[in-house]
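Down below is the structure, laid out as C-alpha cells.
The structure displayed is predicted, hence computed values, not measured ones. Basis for what follows: all heavy atoms, side chains included, without hydrogens, waters or symmetry-related copies. Whatever order the structure lists ligands and atoms in, that order sets their numbers, starting from 1.
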Amino acid sequence: MPLTNVQTRDVEALLHPYTALHKLRETGPLVLDHGKGVYVYDTQGKEYIEGMSGLWCAGLGFGDEELIETAKEQLSRLPYYHLFGGKSVEPAIELAEKLKEIAPFEASKVFFTSSGSEANDTQVKLAWYFNNAKGRPEKKKIVSRVKAYHGVTIVSASLTGLPNNHRDFDLPVDRILHTDCPHYYRFGEAGESEADFTARIVGNLKAMIEREGPETIAAFIAEPIMGAGGVIVPPKGYYEQVQALLAEHDILFIDDEVINGFGRTGNWWGCETMNFTPDSISCAKQLTSAYAPLGAVMVSQELYDAFVAESQKIGVFGHGFTYGGHPLSCALGVKSIEIYQKRNILAHVRSLAPQFEERLKRIADHPLVGEVRYSGLVGGVELVADKTTKRPFQPGHGIGALCARHGESNGLIVRAIGDTIALCPPMIITSDELDALFDRLEKTLDDTE
Ligand code: PLP
C-alpha cells in the first residue's frame, strides 16, 4: 500500500527508536491520533485496544480527566522549576513523601530523573559514590543478567543484557557483568527440574562473585519480573537464594521496578510479588501513568548517610538532571498514586488476574505457542517453530513482528520482543475489554499460522 501523506512526512523527518529502519520506508509507521480508556485511534480513525499500555506505562489508560485537570492546574501555577542548589517545588516534595509511604523497604530519600534509563544510570553512580565514601574504591562492578532490560544510556544499556543494545554501539562498558537469565523454559537443561535449574544458576552467580572477588562487586541489579527481555518470571525461591548470597558478600541489591512498579503484578512492587527486599529502587513509567516523563530512585538511610559524608568532602553532590523533579511530572505522579489508591487499582488487577491467566492458558494450546508467562496483568506468549521440542524460529524469521502486524489489522496493539508477544494492558481494563483483547489475539495467532 502506498504511504499516506502523514506517513511520508514521518519517514522523511524522524529517526525512529527501536525500529527496523530499512523496513519502515516501505511499511510506514502507524500514526496514532487520540485515545480514550484502553483504546487508541489512528489518523484514519481506526480503533485499537492498546494491549501494551504504550510501552508498559499508561497504566491508567488514555484521556483520564483527573490527570488532564491536574496537568492544566500545574502548568498554569508553575510550569517549571528545579531542585538544584537548595531550590524546591511542592509537587516533588509531596511525591517523595508518597513514594516513601508505599516503598517496600525503609526508603529514606527520593532522587528524581526524567526516565528509567537515567534512574539506572543514577543507581550505578550512587553505588560507586557509596563505595568511595566507604573507603572501598575497588568495590565497583555491577552484576546484571542476560536478557535484562535497564535502559539505553551508556551505562544502563551496558546493564541491559540484549545483543541489539550492545552490538555496534561498542557496549557494554567495563565493570558490568552479566549472569544467567532465570528462564527455566529456555535455559533449563534436559531432565533438569526447576529447583535444580535455580540451584545451578544461583551457583553460577556464586562462582562469578568468588572468581571476580566479592571485594570488587558493588551491586546486583534485577527487574523482579523481566519485561523487555520477554516477560520472564523467575522460578520460586530464586530471589531468596540470590538475596542471601548478596547479603553474605555485602553486595547491594538494586531493584528495577520501572515496569513492575505501581500495581502491575497486583502489588505495589514486583519485589513484593517475588519476595525480596532491595537496598534501592528505580521506578518510572506508571509513576505518572505516562502522562509526563518521570523516573525516581529511592535509597536507604545507610546509602544517604554515605552520600552526605562524601559530598561534605567535595562540597557538593555533583549529580542531577534539569528536569529531575519537574513540577508537572511530579504533580501527575502524586495524582496517579492517589488514583491507584482511591480507585483500588491494585485490587482490580488482582481480581482480573485469574481471567488473564485463564485466557493465556487457553492460548498456550495454540500450535504456534511454546510457553505463556504471566503475573498480575503482564504476560508473554512465546512463539516457537516446534511446540514439542521448543525449537525457536530461525533468527531473522520475524514471526513476532509478523504477529504484531496481524494484531494491528485486527485492532490490537501488542509488542513483539523477538518471538515473544508481550501483553501489558492498561490496569483500568474491564473484564469485557480483557475478553475482547484475547478474542482479537486468538484471531491474530490464527492469522499468523
Ligand atoms: N528499566 C526497565 C525495567 C525498563 O523496562 C525500561 C524501559 O522499558 C527502562 C529501565 C528504561 O526506561 P526509559 O525508557 O524510561 O529510559
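- The aromatic rings of Trp268 and Phe262 sit perpendicular to each other, their planes meeting at more than 60°, with 30° as the lower class boundary.
- Atom numbering of ligand 1 starts at 1 in the shown order; those under 4.0 Å from a heavy atom of Glu223 are 3 (C).
- Under the 30°/60° scheme for interplanar angles, the aromatic rings of Tyr41 and Tyr39 are found to be tilted.
- Ring planes of His178 and His166: tilted class, angle from 30 to 60°.
- When each atom of ligand 1 is checked for a heavy atom of Asn120 under 4.0 Å away, the hits are 1 (N), 10 (C).
- When hydrogens are left out, the protein atom nearest atom 1 (N) of ligand 1 is Asp256 OD2, 2.7 Å; that is the closest non-hydrogen contact.
- At a heavy-atom cutoff of 4.0 Å, ligand 1 is contacted by no atom of Ala284, backbone or side chain.
- The only option from Leu360, Val372, Leu434 that meets the side-chain contact (heavy atoms from CB on, under 4.5 Å) definition with Leu423 turns out to be Leu360.
- When each atom of ligand 1 is checked for a heavy atom of Ser117 under 4.0 Å away, the hits are 11 (C), 12 (O), 13 (P), 16 (O).
- Close contacts between ligand 1 and Ser115 involve ligand atoms 15 (O), 16 (O) [criterion: under 4.0 Å to a heavy atom].
- Side-chain atoms of Asn260 never come within 3.5 Å of backbone atoms of Trp269 as a donor-acceptor pair (strictly under, hydrogens ignored).
- Atoms of ligand 1 lying under 4.0 Å from any heavy atom of Gly116, numbered from 1 in the order shown and given with element: 11 (C), 12 (O), 13 (P), 15 (O), 16 (O).
- In this structure, atom 2 (C) of ligand 1 lies nearest to the protein heavy atom Tyr149 O, 3.3 Å.
- The side chain of Lys285, and not its backbone, has at least one atom closer than 4.0 Å to an atom of ligand 1 (non-hydrogen atoms only; side chain from C-beta on).
- The pair Arg440-Glu408 does not meet the salt-bridge criterion, since no charged nitrogen lies less than 4.0 angstrom from a carboxylate oxygen.
- Within ligand 1, counting atoms from 1 as listed, the ones closer than 4.0 Å to a heavy atom of Ile259 are 5 (O).
- Close placement of the Phe111 and His319 rings is indicated, their centers lying within 6.0 Å of each other.
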